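Before any comments, here is the structure.
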Amino acid sequence: MSIKIRMIGTGSAFAKKYFNNNALVTSGDYTLLIDFGITGPLSMYQMNMPLDRIDGVVVTHLHADHIGGLEELMLRLRFDYKKKPTLFIEEHLVQPLWDYSLRGGLEFGAGGTQKLDDFFHIIPLTARKPQEVAPGLRLEIWPTRHFPDMPSYAIILNDKLFYSGDTVFDPNLIGSALERGCDYILHECQLEGQGLFHATLAELLTLPEDVQRKVRLMHYGDHMEQYIGHTGLMTFLHQHETYEFPI
Ligand SMILES: O=c1ccn([C@@H]2O[C@H](COP(=O)(O)O)[C@@H](O)[C@H]2O)c(=O)[nH]1
Ligand SMILES: [Zn+2]
Ligand SMILES: [Zn+2]
């Protein structure tokens with residue numbers, strides 16, 4: 001059993017060379033989108049990947065580089081493709097996603113007065129409670145520390161792959177993922193500066209070598225190429241590339 005992850009983008013919020021850090025997970029016939037930021041629709045177009053491939057979407061948090069492409073996705077799926085995908089999102093984020101991020105553009109539309117559940121089958125998630133997505137694909141969300149008081153989540157796939165979402169460097173969180181049995185740690189990485197809201201490369205380099213071997217870096221800035229060869233035993237994920245994980 002394996003899943004494939006194609007990186008729609010690997011860049012940080014304001015990176016211009018790399019699209020927003022979003023990913024497509026494929027397990028069997030099912031395609032799950034992890035986040036869909038402002039640059040998501042253009043990146044999918046460049047990958048020649050029609051939006052109706054998407055069966056489900058899981059959202060880590062409400063920053064625009066993670067949800068800014070949803071309006072276009074929702075409209076295209078509802079009206080062009082007549083498809084209603086599933087939305088997996090932490091239970092307390094359902095209403096804020098609609099009220100603060102999507103409602104202004106979508107409430108009054110071609111379908112009359114519209115609501116979030118006109119576009120998605122909504123599956124509210126509880127942190128640390130496993131949720132089956134499709135046969136052979138299970139996810140769990142774990143809270144992360146990102147902006148103070150802002151709900152933000154990492155994603156665990158099949159107990160084997162940890163996808164950090166946005167978080168400060170949190171060795172305990174990484175330790176929990178390893179204890180759970182995760183063999184793959186896809187982690188955000190801020191290349192330069194202080195890690196106020198993100199994990200810096202300098203911080204990630206303090207991880208022991210056996211952990212670094214499991215780490216793939218994403219959500220990085222435009223100077224990524226300068227850092228190739230300077231990431232210890234960790235390697236960069238690259239936008240539009242597909243990675244296969246036997247999980
Ligand atoms: O003071 C602020 C408040 C909000 N932002 C927003 O955060 C994200 C940054 O994205 P990250 O991927 O978490 O870096 C972006 O949407 C900003 O509008 C901020 O940067 N500063
Ligand atoms: Zn981000
Ligand atoms: Zn963020």
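The structure presented is a predicted model; accordingly, all values stated were derived computationally and were not measured. Ligands are counted one by one from 1 in listed order, and the atoms in each one are counted from 1 as well.
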Inset, instruction - Quick one: do F169 and H198 satisfy ring pair (Phe, Tyr, Trp, His ring centres under 6.0 Å)? Show the steps, please. - result: CA-CA 7 Å; F169 181 59; H198 294 280; over 10 Å; no
Inset, instruction - Could you give me the CA-CA distance, side-chain angles and deciding distance for N22 and D65, then say whether side chain to side chain contact (heavy atoms under 4.5 Å, CB included) is met? - result: CA-CA 8 Å; N22 311 155; D65 53 322; 5.9 Å; no
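- For ligand 1 and A13, the ligand atoms under 4.0 Å from any heavy atom of the residue are 9 (C), 10 (O), 11 (P), 12 (O), 14 (O).
- In this structure, L201 and M234 have side chains that are in contact, with non-hydrogen atoms separated by less than 4.5 Å.
- Aromatic ring centres of Y220 and Y18 lie closer together than 6.0 Å.
- Taking the centre of each ring, H219 and H66 come in below the 6.0 Å mark.
- In terms of modelled atom types and a separation under 3.5 Å, the side chain of D35 and the main chain of T60 share a donor-acceptor contact.
- Scanning the protein heavy atoms around atom 7 (O) of ligand 1, the nearest turns out to be H63 NE2, 3.0 Å.
- Of the heavy atoms in F147, only side-chain atoms (C-beta onward) come closer than 4.0 Å to ligand 1.
- Looking at atom 11 (P) of ligand 1, its nearest protein heavy atom turns out to be H198 NE2, 3.4 Å.
- At the shortest separation from atom 12 (O) of ligand 1 among protein heavy atoms lies D65 OD2, 2.7 Å.
- For atom 15 (C) of ligand 1, the nearest non-hydrogen atom of the protein is F14 CZ, 3.9 Å.
- A donor atom on one side chain and an acceptor atom on the other are not found under 3.5 Å apart for E179 and S176.
- Side-chain contact of E241 with Y243: a donor-acceptor pair under 3.5 Å is present, judged by distance alone.
- Close contacts between ligand 1 and A64 involve ligand atoms 16 (O) [criterion: under 4.0 Å to a heavy atom].
- Atom numbering of ligand 1 starts at 1 in the shown order; those under 4.0 Å from a heavy atom of H146 are 13 (O).
- Considering backbone and side-chain N/O of H61, none are found under 3.5 Å from N/O of ligand 1.
- Checked by atom type, the side-chain pair S152/D166 shows no donor-acceptor distance below 3.5 Å.
- Residue H66 approaches the Zn ion (ligand 2) most closely through its N/O/S atom NE2.
- Ligand 1 has H219 within reach: a non-hydrogen atom of the residue lies less than 4.0 Å from it.
- With respect to the Zn ion (ligand 2), D166 has OD2 as its nearest N, O or S atom.
- Under 2.8 Å from the Zn ion (ligand 2) lies an N/O/S atom of D65, whether from backbone or side chain.
- Heavy-atom separations between S12 and ligand 1 are all 4.0 Å or longer.
- At a threshold of 2.8 Å, the Zn ion (ligand 2) has a backbone or side-chain N, O or S atom of H219 nearer than that distance.
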